[in-house]
Q: 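Below are the structure tokens for one structure; questions will follow.
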Amino acid sequence: MSTAPRPDGATSSVARNERSRRAANRRRGRTLAFHLASWALAVVVLYPGVWMLLSAFRPSNQIIGQTGLIPDETTLDNFRKAFEGIGGISFWTFFGNSMFLAVASVVGVCLSCSVSAYAFARIEFPGRKIFFTLMIGTLLLPFHVVIIPQFIMFNEIGWTDSYLPLLVGKFLACDAFFVFLMVQFMRNLPRELDESARIDGAGHPRIFLSIVLPLMRPVLATASIFAFIWSWNDFLAPLIYLRSPDSYPLPLMLRQYTDQTTVSDYGAQMAAAVLALVPVLLFFVLFQRYIVDGVATQGLKG
């Protein structure tokens, strides 16, 4: 019994449907592979943080040598010890020192770097390109190269064992990265705004405060996040300049829990590390939307 041949239109329609089905299967396969790879990468990246969080509830004698996530037994004693502090100094003293340094760093960076960036981006003065190039060149200098000269200088003027070496540079626009970031942002702002204000009789201070600074909120928020996190996590600079334990920030406090000559309290160290991580996460969550606004504002052209 013979079957009638299909019309050419029906055959081509079946072939197109087959090709579409195969293409859809390939897309679903690639999507599935992408999500599986993303989940695997997320597990690798988040594993240390999750392990630290769960280790904060693990007895101190079970932390070293334990690589599993789920503790055999849990305790809140680590957090009690962390809040008590170390060396007779409470946790809140170290926390307050870190908060003061971080907030002061944010204020200093936003004030000084924004003014310097306005000068480079909006004011024509002799040698502007040379000074800007020299400033960018300082980014190539590692911090470790200038440690000894800076320490000698601050020690000669009697600023060691104080917060001045850690904060003075923030208020003098010594962070070239933030100046460069703000200069690039300002260059995308329409110059017609400056010209309109200048026609109305406004000078550079009025233009900066009333026009440019309000438009810089996204980049200022971005700089604030980085300045806060870098200052909060800074260990080397406070270790070099601070000698009094009651002026130590949290990174130096965490180091005090580990002592190879006596007993190390790793449980309290993990609990204190978890507590120290909370302000950074909160600060990032509160200001992250301004980063998205900053990316959107980059499309604004004059």
Side-chain angles (χ1 to χ4, degrees), residues 85-117 119-120 127 130-182 223-262 264-265 269 272-273 275-277 279-280 283:
I86 189 171
I89 304 174
S90 69
F91 170 83
W92 297 110
T93 299
F94 298 108
F95 183 89
N97 295 336
S98 287
M99 186 62 67
F100 172 76
L101 289 173
V103 173
S105 297
V106 170
V107 174
V109 164
C110 291
L111 289 177
S112 62
C113 293
S114 61
V115 173
S116 301
F120 282 121
I130 296 177
F131 288 121
F132 186 73
T133 303
L134 292 175
M135 182 203 68
I136 297 300
T138 60
L139 293 174
L140 303 177
L141 287 175
F143 173 71
H144 308 81
V145 174
V146 297
I147 287 179
I148 296 178
Q150 284 185 352
F151 179 82
I152 294 175
M153 178 183 67
F154 289 130
N155 189 53
E156 288 293 329
I157 60 180
W159 283 5
T160 54
D161 198 21
S162 70
Y163 292 146
L164 289 176
L166 306 176
L167 295 177
V168 168
K170 308 294 183 182
F171 286 87
L172 295 180
C174 292
D175 291 303
F177 170 76
F178 295 120
V179 177
F180 174 76
L181 185 70
M182 295 180 187
S224 299
I225 291 175
F226 283 110
F228 186 92
I229 294 176
W230 291 350
S231 176
W232 188 269
N233 295 331
D234 190 13
F235 175 81
L236 184 59
L239 179 65
I240 293 173
Y241 294 112
L242 300 180
R243 302 192 189 99
S244 302
D246 57 353
S247 64
Y248 283 176
L250 282 174
L252 294 186
M253 172 203 176
L254 295 176
R255 177 62 182 84
Q256 305 305 311
Y257 284 110
T258 305
D259 190 349
Q260 301 303 323
T261 61
T262 58
S264 299
D265 194 345
Q269 186 182 46
L275 296 173
L277 188 62
V280 176
F283 193 85

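No hydrogens, no waters, no symmetry mates; every other heavy atom, side chains included, goes into these values.
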Q: Is it the case that atom CD1 in I130 sees more than 12 heavy atoms from other parts of the structure closer than 6.0 Å?
A: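 Open: at most 12 neighbouring heavy atoms sit under 6.0 Å from CD1 of I130.
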Q: Parallel, tilted or perpendicular: which one describes the rings of W92 and F95, with boundaries at 30° and 60°?
A: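 Geometry flag for F95 against W92: perpendicular rings.
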Q: Nearest 0.5 Å, please: how far is CZ in F178 from CG in D175?
A: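 If we round to the nearest 0.5 Å, D175:CG and F178:CZ are 5.5 Å apart.
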Q: I'd like to know whether M135 forms a side chain to side chain contact (heavy atoms under 4.5 Å, CB included) with F120, so could you lay out the CA-CA distance, the side-chain angles of the two residues, the decisive distance to 0.1 Å, and finally the verdict.
A: CA-CA 11 Å; M135 182 203 68; F120 282 121; 4.0 Å; yes
Q: Answer with yes or no after comparing the ring centroid distance for F94 and Y248 against a 6.0 Å cut-off, counting only values under it.
A: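 Ring-ring flag for F94/Y248: false, centres at least 6.0 Å apart.
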Q: Please check this pair: side chain of S231 against backbone of A227, looking for a donor-acceptor N/O pair closer than 3.5 Å.
A: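 No; zero donor-acceptor contacts below 3.5 Å.
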Q: Can you spot which of V109, V115, L111 makes a side-chain contact (heavy atoms from CB on, under 4.5 Å) with C113?
A: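 Only one of V109, V115, L111 forms a side-chain contact (heavy atoms from CB on, under 4.5 Å) with C113, namely V109.
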Q: For residues F228 and P279, report the shortest heavy-atom separation together with the two atoms involved.
A: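 Distance-wise, the nearest heavy atoms are CE2-O, 4.2 Å.
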Q: Can a donor-acceptor pair be found, under 3.5 Å and without considering hydrogens, that links the side chain of W232 to the backbone of A276?
A: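 The answer is yes, because a donor-acceptor pair under 3.5 Å joins these two groups.
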Q: Once you round to the nearest 0.5 Å, how far does CZ of F100 lie from CG of L166?
A: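 If we round to the nearest 0.5 Å, F100:CZ and L166:CG are 10.0 Å apart.
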Q: Is it the case that the side chain of Y163 and the backbone of S247 share a donor-acceptor pair, with hydrogens and angles ignored and the cut-off at 3.5 Å?
A: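 Indeed, once roles are kept as given, a pair shorter than 3.5 Å links the two residues.
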Q: How long is the span from the CG atom in L172 to the OG atom in S116, to the nearest 0.5 Å?
A: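 L172 atom CG to S116 atom OG measures 9.0 Å (nearest 0.5 Å).
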Q: Output the distance between atom NZ (K170) and atom CH2 (W230), rounded to the nearest 0.5 Å.
A: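 Spacing of NZ (K170) from CH2 (W230) equals 8.5 Å.
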Q: Within the supplied structure, the quantity of interest is the number of heavy atoms (other residues, nucleotides, ligands) at a distance under 6.0 Å from F180 CZ; does it exceed 12?
A: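 Atom CZ in F180 is not crowded, with 12 or fewer foreign heavy atoms closer than 6.0 Å.
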Q: Are S90 and T93 close enough that a side-chain donor and a side-chain acceptor fall under 3.5 Å?
A: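 There is such a pair between these side chains.
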Q: Quick one: side chains of residues 148-160, donor-acceptor pairs under 3.5 Å with protein atoms, not counting sequence neighbours, listed by atom name and distance.
A:
from: N155; atom 1: OD1; to: T160; atom 2: OG1; distance (Å): 3.4
from: T160; atom 1: OG1; to: R243; atom 2: NH2; distance (Å): 3.4

Q: Check whether any side-chain heavy atom of P251 lies under 4.5 Å from a side-chain heavy atom of P238, and answer yes or no.
A: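 Not touching, per the 4.5 Å side-chain cut-off.
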Q: Can you name the one residue among L250, L254, I240, L252 that meets side-chain contact (heavy atoms from CB on, under 4.5 Å) with F235?
A: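 The passing option is L252.
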Q: Ignoring hydrogens and geometry, is there a side-chain-to-backbone donor-acceptor pair from S112 to A173 under 3.5 Å?
A: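 Yes: the side chain of S112 pairs with the backbone of A173.
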Q: To check you understand the geometry: which heavy-atom pair defines the closest contact between V179 and A117, and what is its length?
A: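 Nearest heavy atoms, V179 then A117: O-CB, 3.8 Å.
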Q: Measure the OG-CG distance between S105 and D234 for me, rounded to the nearest 0.5 Å.
A: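 Answer for the OG-CG pair, S105 versus D234, is 8.5 Å.
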Q: Between L236 and I147, which heavy-atom pair has the shortest distance, and what is it?
A: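 Looks like CD2-CD1, 3.8 Å.
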Q: How far apart are the C-alpha atoms of M253 and F91, what are their side-chain angles, what is the distance that settles it, and do they pass the side chain to side chain contact (heavy atoms under 4.5 Å, CB included) test?
A: CA-CA 8 Å; M253 172 203 176; F91 170 83; 3.6 Å; yes
